[in-house]
Amino acid sequence: MYNIRYVQHTISTHYRYYSPRANAYGERGINDTLLLDVIDSGETRYRDATHLWVFKDFSERSDNLLCAVLVLEDRLVVKTVMHHFEVI
């Protein structure tokens, strides 16, 4: 995957590879297109210079606020994706 916002290749540690989470993401309708939409156009909150959360509201989804936990390295790493996320 290649994202526009950070202009680099994106690696998802849980979503794409052999993980019990991969099936859960598919069941929730989270695919590459939706994940890239969150990353490219969602709101951001930085923990520090390389760790952040990107989240976006999807009114058509029952779990309407999706959040991707990201690490900025030589490639953008998606650590996990959360649903039913709340911004505090």
Side-chain angles (χ1 to χ4, degrees):
M1 292 189 298
Y2 191 83
N3 70 80
I4 297 168
R5 176 181 276 177
Y6 300 101
V7 192
Q8 59 190 184
H9 290 282
T10 304
I11 299 171
S12 180
T13 59
H14 292 282
Y15 177 68
R16 276 203 167 279
Y17 302 106
Y18 302 102
S19 165
R21 303 295 305 157
N23 189 36
Y25 291 153
E27 289 173 2
R28 292 186 176 96
I30 300 172
N31 56 31
D32 289 348
T33 303
L34 186 63
L35 184 56
L36 284 174
D37 187 16
V38 172
I39 293 169
D40 289 336
S41 62
E43 294 183 51
T44 59
R45 295 281 199 294
Y46 281 82
R47 186 181 88 183
D48 56 37
T50 60
H51 296 84
L52 67 147
W53 298 267
V54 180
F55 52 93
K56 185 171 181 175
D57 181 42
F58 294 92
S59 58
E60 67 276 5
R61 293 180 58 97
S62 61
D63 56 351
N64 58 354
L65 193 57
L66 296 180
C67 177
V69 179
L70 309 178
V71 179
L72 300 173
E73 296 179 343
D74 59 333
R75 297 178 188 265
L76 182 68
V77 178
V78 179
K79 297 302 283 187
T80 193
V81 177
M82 299 181 282
H83 61 97
H84 290 97
F85 182 75
E86 286 187 31
V87 180
I88 301 175

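The figures that follow rest on heavy atoms only: side chains count, while hydrogens, waters and symmetry mates do not. On a predicted model such as this, the values are computed, not experimentally measured, just so you know.
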Interatomic spacing from OG1 in T80 to CG in L70 - rounded to 0.5 Å:
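Nearest 0.5 Å value for the OG1-CG distance: 10.5 Å.
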For a side-chain contact (heavy atoms from CB on, under 4.5 Å) check, start with the C-alpha distance between M82 and F55, then their side-chain angles and the critical distance, and finish with the verdict.
CA-CA 9 Å; M82 299 181 282; F55 52 93; over 6 Å; no
Ignoring hydrogens, what is the shortest heavy-atom contact between [X] and [Y]? Give both atom names and the distance.
X	Y	result
S41	K56	OG-NZ, 2.8 Å
Y46	W53	C-CZ3, 4.3 Å
A49	L72	O-CD1, 3.9 Å
A68	L35	CB-CD1, 4.1 Å

List for me each residue that meets salt bridge (charged side-chain N to carboxylate O under 4.0 Å, His left out) alongside D57, sequence neighbours excluded, and say none if there are none.
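Once residues adjacent in sequence are excluded, D57 has no partner under the salt bridge (charged side-chain N to carboxylate O under 4.0 Å, His left out) criterion.
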Show your reasoning for whether side-chain contact (heavy atoms from CB on, under 4.5 Å) applies to V38 and I30.
CA-CA 10 Å; V38 172; I30 300 172; over 6 Å; no
For a side-chain contact (heavy atoms from CB on, under 4.5 Å) with L36, tell me which candidate from L34, T33, D40 qualifies.
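Going through L34, T33, D40 one by one, the side-chain contact (heavy atoms from CB on, under 4.5 Å) with L36 is satisfied by D40 alone.
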